[in-house]
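Here's the structure, in structure tokens; my notes come after.
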Amino acid sequence: MDILDKLKILADAAKYDVSCSSSGSERKNKAGGIGNAAVSGICHSWSDDGRCISLLKILMTNYCVYDCAYCVNRVSNSIPRAAFTPKEIAELTINFYRRNYIEGLFLSAAIMKNPNHTMELLLKTVTLLRENYNFNGYIHVKAIPGADGRLIEATGEVVDRMSVNIELPSDEGLKLLAPEKKKEALIKPMGLIDRQIIQRKEERRIFRNAPSFVPAGQSTQLIVGATQDHDYRILKLSEGLYNRFHLKRVYYSAYVPIVNHPNLPSITNPPTLREHRLYQADWLLRFYGFDADELLDEAQPNFDQLLDPKCDWALRNMKLFPVEVNKAEYETLLRVPGIGVKSALRIITARKMAPITYDGLKKIGVVLKRAKYFITCQGKYYSDVGFREKLIRLSLTEKPLKEPTETNEIQLSFLTMPAIRENVNSIITGEL
Amino acid sequence: MVIYVFDGSFEGFLTAIYESYYNKEKPDKIVAMDDYVENLIDRPIFIETDEIKSDKVYAGIKNKISTNALKKVYHVFLSEVMEAPTVIYHYLRLGFKIGNKVDLNLMDDWVLRMDKINQQVASEKHRMLGLLRFQLVENDLYYAPLAPDHNIIALMANHFAQRMSDQKWMIHDTKRCIAVVYDLKEWIITPIDLPAPPVGKEEYLYQQLWKEYYQSIAIKERRNPRLQKRCMPVRYWSFLTEKK
């Protein structure tokens, strides 16, 4: 099989992996070497689905011993199979990189023979790239659940990011759709990577030249809409992962109906609006100081279709509003629907010089479409409907804020953002 | 209206700023020679570029305002937006008056306008760091043509000099007929006028592979051309291998 056919098969098999970020690492080029990592991350193209292409995202192989119902690569599916050699991947990466097609490599694999064999192949490939090809660009590698801890550790020393996919939000879901995968086995490598990251960071504080370990952190991905799990459960899971394992990102992937299976729901379109709401809530957890329990509970376990999570929260907490933009703390401003990190910071900067007027808010670029219902400006309330929950809810939802297609776009645009960076402001605004 | 006309260089522009402080006639507008159209009402004052004067202004911005302001001034100048020199002039007037606090004045129209143009330049630069496409041509040279809205190739050079330090490359702005050339040691910027060099067989193979990859990675069920075009404007497509 020639390299073109292999690439076709193994890129096609990798496309459902959501992560595309190439940010968070400061790896420098070496003398005579090629490549470095840009801390902001760089998108190199956008495919026809509107998702950004930053890394060469391919599988080492799609030969798999598992039989997960939702996955195209499951052993019982009759599809063409292929496997790359480490050298083929290295050549492809280097040559794409020299032409500035990509920011680096995102290497994953189906489970060939057993987890250890697969992890060894991945390690061999990335080591070849780093040592023989002197490649210093961004590398993201999957940690294979069930592989020996020493293999995962050795891989972590040469790559920039690792991820373990949690696949489904609950144990029951896994039992139903991926009987060979156990939640503990998925969680274990996450804990291992997290401990290593913390320990190595500590070492580097003392010895500047101590080797780095997954400097861009770890991430995970789960499929939304393939099981019965509601949004509250998913959000609690994400919150737990952020708090316990310090993940940089949890990616949500709307279930794309690619296979028919009695245990899978039959839907025609991927639930992209739901995915979008989850991303919005995820941002609220990470950058806006919200807890999962504030946004949802057992009584209301799913997000409103018509309102974004922050609007919905604000309407349930009318006693906290309206807030005065000239006085409110940063944290309070962040909780106003329609005001994001960038707007909040601009408000704080601008009001140091002079009080902000309503027109002034517009001028500095604060979008007032939703915010106007929840703020006062120099003591005056500017919305035309009065400060009543019912009226505000009505005007926020009467013309559906987002047509389905439009929602789709906004949701996807989250995926295209350069993902993680210590400087919170630039992550959110996508600016440098 | 009094209009200062400078030769189009950054030094020329800084000289114009210098003159605006020492000449009794203050400018209502500052424009580059190429943008100046003679008419009966306006009175032009032609500025002669003077390195000593421009150096003084350069140091003045850095010391009296901030390094950040200097960077901003340079970026906005490179935007080649017609009103940019005038916007910078008003921004600097305020800057020399109140110092490094100038950027906090978000309510000031000139500061705001400055921010906006600066943002446009910075984001096009960032975008092009990703969208630039090199082709391997003869003499082991990696050649990349582009035609950006703003004059950004000088801002992109360091990035590629660090990243692609072991290959010879050239970034060619076909709109402005200038190029950044890197020879494994350092980069220079130079005027240039040449057609796209021919590519070899190996280059063709990798272009094929990249096109194939580009097609395979898209999820058909989620096709979204509007989002694609918003992130990657169509005017850049003619230079993209995968869109040719």
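Atom set for the values below is all heavy atoms of this structure, side chains included, hydrogens, waters and symmetry mates excluded. Chain letters run A, B, ... following the sequence lines, proteins first, then strands; residues in each count from 1.
Chain B forms more heavy-atom pairs under 4.5 Å with one residue of A:G360, A:A350, A:S45 than with any other, namely A:S45. Note on A:K8, A:K15, A:R98: by heavy-atom pairs under 4.5 Å with chain B, the leading option is A:R98. With chain B as partner, the option from A:P270, A:A14, A:A38, A:G33 having the largest number of non-hydrogen pairs under 4.5 angstrom is A:G33.
The residues B:D166 and A:K30 are annotated as not salt-bridged, no charged nitrogen and carboxylate oxygen being separated by less than 4.0 angstrom. Using a cutoff of 4.0 Å between basic side-chain nitrogens and carboxylate oxygens, B:R163 and A:E103 are scored as salt-bridged. Of the charged side-chain nitrogens involved, none lies within less than 4.0 Å of a carboxylate oxygen, so that B:K220 and A:D48 do not count as a salt-bridged pair.
For a residue to count as touching a neighbouring chain, one of its non-hydrogen atoms must lie under 4.5 Å from one of that chain's; by this rule A:I3 touches chain B with backbone and side chain alike. Proximity to chain B is absent for every atom of A:L10, based on heavy atoms less than 4.5 angstrom apart. With a threshold of 4.5 angstrom between heavy atoms, A:N36 approaches chain B through its backbone and through its side chain. Heavy atoms closer than 4.5 Å to chain B are found nowhere in A:A354, neither backbone nor side chain.
Using cut-offs of 30° and 60° for the angle between ring planes, the B:W210 and A:Y101 rings count as parallel.
Screening A:I53, A:D12, A:I58 against B:I217 for a side chain to side chain contact (heavy atoms under 4.5 Å, CB included) leaves a single residue, A:I53.
The shortest distance between side-chain heavy atoms of A:I356 and B:M107 falls below 4.5 Å.
Between the side chain of A:H44 and the backbone N or O of B:G130 there is at least one donor-acceptor pair closer than 3.5 Å.
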